[in-house]
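Encoded as structure tokens, the structure appears first; notes follow it.
The chains referred to below are lettered A, B, ... by the order of the sequence lines, with proteins before strands, and numbering in each begins at 1.
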Amino acid sequence: MEYQFSSIEKKWQDQWKEKKAYQVSNDSSKPKCYVLDMFPYPSGAGLHVGHPLGYIASDIYSRYKRLKGFNVLHPMGYDAFGLPAEQYAIEHGVHPLKSTHGNIDNFRKQLDNIGFSYDWDREVRTCDATYYKWTQWIFLQLFNSYYDRGAKQAKPITELIAVFEKEGNANQVCPGDPKMQFDTATWKGFTQKEQQSILMHYRLAFCGYGEVNWCEALGTVLANDEVINGLSERGGHPVEKKKLRQWYLRITEYADRLLSGLDTIQFSEAMKEMQSNWIGKSYGAEIDFAVNGHDASLRVYTTRPDTVFGVDFMVVAPEHALIESITPDTHKAEVEAYIAYVKSRSERERIAEKKITGCFTGAYVVNPFNQKLIPIWISEYVLAGYGTGAIMAVPCGDDRDFKFAQHFNIPITNIIGDAFDGKEANPTKEAKLTNSEFLNGIIQKDAIAIVNEKLAEMGIGQRKVNYRMRDAAFSRQRYWGEPFPIKWMDGVANPLSENELPLLLPDVDNYGPGPEGEGPLANIASWKAENYETNTMPGYAGSSWYFLRYMDPNNESEFCSRKASDYWGQVDLYIGGTEHAVGHLLYSRMWTKALYDLGHIGFDEPFKKLLNQGMIQGSSRFVFRKRGTNTFVSAGLIGADEVDQLHVDVNMVDGFELDTEAFKKWKPDYANATFILEDGKYICSAEVEKMSKSKFNTVNPDDLVQKYGADTFRMYEMFLGPVEQSKPWDTKGIEGVHRFIKKFWRLFFDEMKGKVWVDEMPTAEELKILHKTIKKIEEDTERYSFNTAISTFMICINELYDAGCHKKAILEQVLILITPYAPHFAEELWSALGNQGLIVDANYPIFNAQYVLETAKEYPVSINGKVRANISISLDATEDQVREIVLANEAIQKWVEDKPVKKLIFVKGRMINIVI
RNA sequence: GCCCUGGUGGUGGAACUGGUAGACACGCAGGACUUAAAAUCCUGUGGGCCGCAACGCCCGUGCGGGUUCGAUUCCCGCCUGGGGCACCA
């Protein structure tokens with residue numbers, strides 16, 4: 001009986017479906033385990049071999065945990081709102097819902113091919129009203145909350161109102177406007193509208209005017225992480241700064257918790273690094289410098305208060321509020337011209353050119369420590385949005401300040417003696433200070449605290465922590481997203497009540513932008529008549545909480561019952577790519593914390609362990625066409641002729657050898673192609689690139705599943721290397737895995753003889769092979785080392801094969817071990833052995849150390865670290881006995897001769913080393 | 001520029017806490033079976049030296065140092081691939 005994978009796989013996929021084998025209950029006495037994939041955006045291009053890598057890994061882990069007795073939640077769904085579907089709608093007039101559904105069907109078909117154990121009854125789609133109803137609901141939770149800095153947690157806005165009525169805002173600094181202050185009476189004196197406007201400055205989801213990344217070509221606002229070098233991530237269109245009314249999430253209030261929470265979760269160092277860089281916490285001080293001749297002071301933020309005697313000039317951002325009042329008439333024209341120049345420059349130009357520009361205001365501040373007058377400059381390199389929008393420049397210690405000083409011939413004060421060579425700035429903290437009066441002779445890093453104390457004493461400064469992270473822009477001028485559950489009345493945003501949800505996304509006639517940068521919803525008269533918000537939520541809204549919905553997907557009265565979220569808790573294993581490091585992974589952490597603060601869930605980090613799968617790259621193949629001809633030269637024969645290098649479909653190339661007949665049929669242009677061959681072959685050149693349709697280097701999993709079966713495909717993807725590692729795809733090796741599976745099959749069935757397994761008692765040697773394998777597979781699967789697990793299976797089968805073992809008692813156990821990796825195969829043979837029920841419900845074999853006990857060990861014996869002999873010695877031999885045996889050995893004696901043995905190192909069960 | 005990662009045979013990779021480097025595969029070479037092919041099986045396969053062969057010896061984990069009885073693994077300095085951040089004061 002031959003291994004007929006296609007009928008076997010079809011059969012078991014049908015059986016699983018029929019028996020609802022992967023349906024998961026929230027009611028179980030077993031321990032829980034939640035294994036999650038980052039759900040995909042269903043693009044029109046379909047899956048290539050890179051996509052399932054993480055899905056296979058998570059599927060193996062889920063199935064393994066299930067066999068180990070866990071109640072495993074392993075769901076899948078679709079992140080279905082987003083730009084591509086809308087772009088497609090604009091170009092082809094197809095409703096995004098329709099194209100999205102088509103893409104989802106196609107995805108599902110491809111996923112089903114591979115035999116995943118998803119509980120499809122729990123599928124979520126972010127674009128379904130039954131789902132986005134709750135996205136809107138969570139938005140309202142954020143809208144109706146503020147962050148209590150004292151308690152370090154989100155609280156209902158009603159509590160804040162109560163505080164205002166009792167004591168004003170003295171103990172609740174306004175995050176949106178820190179200078180705002182009012183007492184009880186003032187609060188009560190405000191109109192309803194004024195009160196609402198103040199509350200907006202506290203809300204966790206709020207609306208405000210702000211500089212945003214505006215992309216004219218896309219007609220929308222983009223988040224910082226959607227802008228790359230001044231161009232939009234999608235489409236590569238220019239992006240500029242523009243002031244618009246936008247919704248934001250006050251994620252900055254969570255900066256510190258997002259940072260400290262990293263210590264409680266298992267993310268890779270690289271991932272934590274990326275997140276903490278993004279949050280960008282810095283410790284420094286704010287210092288007030290009195291402006292000479294004005295009753296005003298300039299507040300700067302610095303991380304280096306120790307350098308205060310080295311300040312040679314101040315620089316403020318062009319937007320700084322103080323500029324107008326302190327610039328003397330003599331400098332007005334110049335300053336205005338410079339500000340106009342800065343405004344004329346796009347973000348893109350600024351980043352691309354990085355020119356040193358600036359302008360002196362004509363005003364001075366006084367250094368509070370030595371009364372020196374310090375000129376105030378304006379320059380675009382100082383950002384209005386960070387710190388106080390003003391810096392004290394210390395050219396001898398900061399590279400940018402140094403270059404600025406050089407460029408404008410500003411004299412430089414050296415406060416670090418020999419550590420500064422006059423040619424470049426030295427940012428050290430280890431130098432001894434000079435020219436610094438009371439700080440002279442003190443090491444810089446020690447001086448920081450001294451200056452901070454002095455500042456506090458003088459009442460002109462204090463320690464200050466700053467974050468680089470900005471509040472997250474949360475609105476898009478697009479159609480295909482969640483509508484905001486907000487009605488505008490007299491300039492006040494009114495939240496819909498819970499029973500008005502969902503606010504359904506209406507149909508539109510055209511998907512183009514509305515008037516004045518508004519979204520397409522602004523084009524609908526009935527929508528405008530209701531005064532609904534015309535923006536929609538960004539792509540990350542739905543994906544920020546989907547892992548909670550899987551726990552309770554059909555709940556119509558709650559986003560997720562507390563009972564369900566208490567049962568499932570954190571995601572135990574989350575698998576996905578690194579590209580979401582500072583987007584999705586940060587936002588979903590924030591949403592989780594907010595929902596936790598408000599008491600809706602019982603944990604404040606969503607993902608306990610994150611595993612990043614590597615990217616599978618494409619291995620492109622190229623042919624060389626002689627310029628102006630239809631003749632193709634084999635790679636090894638390219639001489640002086642001018643040739644054009646062209647991508648060729650990798651599926652027409654075997655290794656490097658081109659199938660010339662297939663090539664001719666590929667495109668009409670090539671029908672009459674002629675070839676210059678080497679050794680009768682056309683050889684292509686190769687390059688590793690990103691896998692993409694346009695490079696003709698994509699490999700479709702469907703083709704491989706058809707040719708080798710899903711089980712072979714699954715195992716091969718894992719065998720390729722560690723999951724975390726990026727690597728180019730190469731189909732060649734799949735044969736080896738396929739051979740292995742067939743070999744395993746032949747332990748059960750012989751092509752001629754049919755059934756060959758037997759019901760005999762296993763020998764000690766066979767039990768040893770089995771238990772060695774159980775131990776290793778378990779260890780490897782637990783640490784996600786799937787590639788080495790597969791090689792362990794190969795070793796096991798090779799050994800059983802060599803031992804001629806066809807014993808059911810052994811084979812059956814190995815089948816259970818391999819179930820997570822090759823589920824269809826295991827299911828088929830499990831039932832062939834006469835077992836009732838599914839192998840996915842079997843009990844995992846239990847390792848018994850007794851079977852693998854060794855009595856002796858083949859010790860490597862080295863002399864001065866070089867292995868010279870292998871000697872078998874009993875494991876319970878004492879060191880003295882070992883010494884005797886080893887030194888008596890002929891091969892060792894030859895090396896030792898009559899030299900004295902200085903030392904003998906004996907590591908039990910490992911090795912022996914003789915030092916002479 | 002700063003930060004994080006990786007660099008091991010012809011190839012993918014293994015070696016988990018410092019203890020026989022190259023497991024397991026691919027590829028290649030030779031052989032068996034077959035009319036032939038596919039499939040399957042067997043043998044060899046890091047480089048070099050000496051040899052009829054067995055055996056044996058030397059070198060070898062990006063490069064140069066160091067610690068150690070012993071280093072792919074730890075430390076210092078450099079080269080290099082990949083990723084992230086980038087006027088953040």
Side-chain angles (χ1 to χ4, degrees), chain A residues 2 229 268-278 280-282 284 300-304 307 315 317 350-351 354-356 379-383 385-394 397-401 403-404 427 466-470 578-579 581-582 612 614-615 617 655 688 716 719-722 724-737 739-740 742-743 746 751 776 779-780 783 785 787-798 801 858-870 891 894 902-907 909-916:
Chain A
E2 218 182 319
N229 289 329
S268 68
E269 282 311 308
M271 190 62 56
K272 289 185 180 180
E273 183 76 20
M274 275 188 239
Q275 292 214 346
S276 55
N277 280 348
W278 187 262
K281 185 174 189 174
S282 78
V300 300
Y301 173 70
T302 179
T303 54
R304 297 297 302 275
T307 61
V315 190
R350 259 187 56 182
I351 290 168
K354 263 192 192 175
K355 278 196 293 195
I356 297 173
S379 177
E380 55 184 337
Y381 84 86
V382 172
L383 307 174
Y386 184 78
T388 60
I391 62 158
M392 55 179 227
V394 182
D398 181 278
D399 189 49
R400 286 164 322 218
D401 298 346
K403 287 189 174 129
F404 193 86
N466 257 322
Y467 298 93
R468 183 182 307 195
M469 184 166 65
R470 294 286 100 90
T578 51
E579 65 273 20
V582 292
N612 297 113
M615 218 195 357
Q617 295 140 311
V688 172
Y716 182 57
F719 190 57
L720 231 41
E724 293 105 315
Q725 202 168 301
S726 288
K727 55 235 156 189
W729 179 263
D730 179 11
T731 303
K732 277 239 146 154
I734 198 169
E735 296 279 356
V737 174
R739 263 173 226 155
F740 154 75
K742 285 191 290 185
K743 190 170 185 177
R746 287 199 305 275
E751 234 176 281
K776 185 75 162 61
E779 284 169 359
D780 285 355
R783 66 187 174 108
S785 180
N787 56 327
T788 55
I790 289 168
S791 72
T792 303
F793 281 123
M794 290 172 169
I795 292 168
C796 171
I797 297 310
N798 287 345
Y801 207 88
E858 189 69 8
Y859 279 97
V861 182
S862 47
I863 290 167
N864 291 342
K866 281 194 200 303
V867 178
R868 298 300 181 186
N870 284 292
K894 202 179 86 190
K902 284 192 200 140
K903 206 166 166 189
L904 185 138
I905 290 133
F906 170 58
V907 184
R910 286 272 187 205
M911 45 63 69
I912 296 156
N913 190 21
I914 299 167
V915 188
I916 54 172

Mind checking [X] for me? I need base, sugar-phosphate or nothing, with any heavy atom below 4.0 Å counting as a touch.
X: N913(A); answer: base
X: K902(A); answer: nothing
X: I795(A); answer: sugar-phosphate
X: N466(A); answer: nothing

- Query: Between K743(A) and M469(A), which is nearer to the 5' end of RNA chain B once each is assigned its nearest nucleotide?
  - Reply: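 Result of the comparison: K743(A).
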
- Item | First encountered from the 5' end of RNA chain B, between R746(A) and M274(A) |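 Final value for this comparison: R746(A).
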
Go through [options] for me and flag the one nearest to the [X] side chain.
X: K866(A); options: rC59(B), rG19(B), rC24(B); result: rC59(B)
X: Y801(A); options: rG19(B), rA89(B), rC41(B); result: rC41(B)
X: R468(A); options: rA25(B), rC87(B), rC85(B); result: rC85(B)
X: L383(A); options: rU20(B), rA25(B), rA89(B); result: rA89(B)
X: K742(A); options: rA39(B), rU20(B), rG19(B); result: rA39(B)

- Query: Base of rG9(B) relative to its sugar, syn (within 90° of 0) or anti?
  - Reply: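 rG9(B): syn glycosidic orientation.
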
- Message: Is it true that T788(A) and D780(A) share a donor-acceptor pair across their side chains at a distance under 3.5 Å?
- Response: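 Indeed, the side chains of D780(A) and T788(A) share at least one donor-acceptor pair under 3.5 Å.
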
- Message: Side chains of N798(A) and K743(A): any donor to acceptor distance under 3.5 Å?
- Response: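 Looking only at side-chain atoms, N798(A) and K743(A) do form a donor-acceptor pair, the distance falling under 3.5 Å.
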
- Value in whole Å for how far the P atom of rA89(B) lies from CG of D398(A):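 Distance check: D398(A) CG to rA89(B) P gives 9 Å.
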
- For atom CG of L904(A) and atom P of rG70(B), their distance in whole Å: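 From L904(A) CG to rG70(B) P: 14 Å.
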
- Give RNA chain B the dot-bracket treatment, 5' to 3': Watson-Crick (N1-N3 with N6-O4 or O6-N4) or G-U (N1-O2, O6-N3) under 3.5 Å, [ ] crossing, | other strand. (((((((..(((......[....)))((((((.......))))))((((......))))..(((((..]....))))))))))))....

- Message: Just to verify, which of V915(A), I914(A), V861(A), N913(A) counts as forming a side-chain contact (heavy atoms from CB on, under 4.5 Å) with L904(A)?
- Response: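 Exactly one option meets the side-chain contact (heavy atoms from CB on, under 4.5 Å) with L904(A), and it is I914(A).
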
- Message: Is it the case that over 12 heavy atoms from other parts of the model lie below 6.0 angstrom from the CZ atom of R910(A)?
- Response: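 Count not over threshold, so no.
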
- Message: For the NZ atom on K403(A), are there more than 12 heavy atoms of other groups (residues, nucleotides or ligands in this structure) within a distance under 6.0 Å?
- Response: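 No, because the 6.0 Å sphere around NZ of K403(A) holds 12 heavy atoms or fewer from other groups.
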
If only side-chain N and O atoms of [X] are considered, is one of them under 4.0 Å from the OP1 or OP2 phosphate oxygen of [N]?
X: K403(A); N: rA89(B); result: no
X: Y386(A); N: rA89(B); result: yes
X: R868(A); N: rC57(B); result: yes
X: R739(A); N: rC26(B); result: yes

Closest heavy-atom pair and its distance - [X], [Y]:
X: Y386(A); Y: Y467(A); value: CE1-O, 3.5 Å
X: G387(A); Y: N466(A); value: CA-ND2, 3.5 Å
X: G909(A); Y: Y859(A); value: N-OH, 2.8 Å

Check the interface with nucleotides 1-5 of chain B: list each N/O to N/O pair with the protein under 3.5 Å, or write none.
| residue | atom | partner | partner atom | Å |
| --- | --- | --- | --- | --- |
| rC3(B) | O2' | E273(A) | OE2 | 2.3 |

- Protein heavy-atom contacts under 4.0 Å, written 5' to 3' over nucleotides 7-17 of chain B as B (base), S (sugar-phosphate only) or - (none), form the string -----BSSSB-

- Task: Look at the rings of F793(A) and F740(A) and say which category their plane angle falls in: under 30° parallel, 30 to 60° tilted, over 60° perpendicular.
- Result: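 Aromatic pair F793(A)/F740(A) classed tilted.
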
- Query: Are side-chain heavy atoms of D401(A) and I391(A) found at a separation under 4.5 Å?
  - Reply: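 When only atoms from C-beta onward are counted, I391(A) and D401(A) do touch, with a gap below 4.5 Å.
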
